[in-house]
Structure formats: structure tokens, C-alpha cells
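Since the structure comes first, as C-alpha cells, the remarks are kept for the end.
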Amino acid sequence: QVQLVESGGGLVQPGGSLRLSCAASGFTFDYYAIGWFRQVPGKEREGVSCITDNGRYTYYGDSVEGRFTISRDNGKDTVYLQMNNLEPEDTAVYYCARHRGSYCEGSRSARPAAYDTWGQGTQVTVSS
């Protein structure tokens, strides 16, 4: 059974940091790129970041570029999203997703249709 499970969300003050984890199972992890998305009620799911199968190439959305860092440990079948200098606008449910292929194709990586499996999400709230 293909599965992705996010963890690490929570409440943090503006300017703070969080690290999200996405644990994968049920498939050959290092064959696939993995992405992070976020969504707030009433808005479309927003592509945040993507990392290729071997971790050599990454993509970031404009709103998080320079503040978030994606990484992966293929030995642990896990992808991470390090989020620094968090802002209230970063408040959302964060999802990881398995890309249909091994490579993140620039801004096309931000399209939900490029992914075929999703986790259940983890809530991130940035508030004082």
C-alpha cells in the first residue's frame, strides 16, 4: 500500500522555525520526486517545493524561496521541509505528495496534477 505520512506541524510564532517530515512506504522511494503543497480553506492547493529522486535538484515557490529548504534521506524513505522565518501567511495545512516521475520540472512541479499520491496533511499555524 502506497502511503505518505506527514508530521512536524504545530503552532509557532512569527519568525520561528519548524521542520516537517514526510515518511513514505509501499513503493520504491528513490524512484520518485516528492513535493510539498499547502492549502488554506477556500483557496487552491499551492505548490511549495519539490525535490528530485536523487535530491540533486529542487524547486521552490516564489513565496517560500530563501526561507524553506527541502531535503530527503533515501535511506530512511523520508523527505523534510525546513521552514525558517515563518510568517502568518504561511499558516496552512501542509501536504507531501509523490510525483508521477523522478524529476521536478520547474514551475510545473507546482501543479497538483503532476502528483498521484497524497498524505493526510499536517497543520502549521504561525501566530503570536
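Just the heavy atoms: all of them, side chains too, but no hydrogens, waters or symmetry mates, feed the values below. If you read the sequence from its start, that first residue is 1, and numbering goes on from there.
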From the list Trp118, Tyr94, Tyr95, ring pair (Phe, Tyr, Trp, His ring centres under 6.0 Å) with Phe37 holds only for Trp118
Is a donor on one side and an acceptor on the other found under 3.5 Å between the side chain of Asp90 and the backbone of Asn84?
-> no
Look up atom OG1 in Thr117 and atom CZ in Arg100, then write down how far apart they are to the nearest 0.5 Å.
-> 8.0 Å
Taking only Lys NZ, Arg NE, NH1 and NH2, and the carboxylate oxygens of Asp or Glu, determine whether Asp30 and Arg72 approach each other closer than 4.0 Å.
-> no
If you round to the nearest 0.5 Å, how far is OG of Ser102 from OH of Tyr31?
-> 11.0 Å
Flag the pair Gln39 / Pro112 as yes when at least one side-chain heavy-atom distance between them is below 4.5 Å, and no otherwise.
-> no
Would you indicate whether the side-chain heavy atoms of Val2 and Asp116 approach each other to under 4.5 Å?
-> no
Does Glu6 use its side chain to pair, donor to acceptor, with the backbone of Gln120 at less than 3.5 Å?
-> yes
Are side-chain heavy atoms of Thr69 and Tyr80 found at a separation under 4.5 Å?
-> no
Would you call Ser127 and Leu11 a side-chain contact if the rule is heavy atoms closer than 4.5 Å?
-> yes
With hydrophobic residues grouped by side-chain heavy-atom distances under 4.5 Å, do Val48 and Tyr115 end up in a single group?
-> no
Rounded distance [0.5 Å steps], CD1 in Ile34 versus NE2 in His99 | 10.0 Å
Give the intermediate values and the outcome of side-chain contact (heavy atoms from CB on, under 4.5 Å) for residues Cys96 and Val79.
-> CA-CA 9 Å; Cys96 64; Val79 170; over 6 Å; no
Verdict with supporting geometry, Phe68 and Tyr60, ring-ring contact (aromatic ring centres under 6.0 Å, His included) = CA-CA 8 Å; Phe68 290 11; Tyr60 296 95; 8.2 Å; no
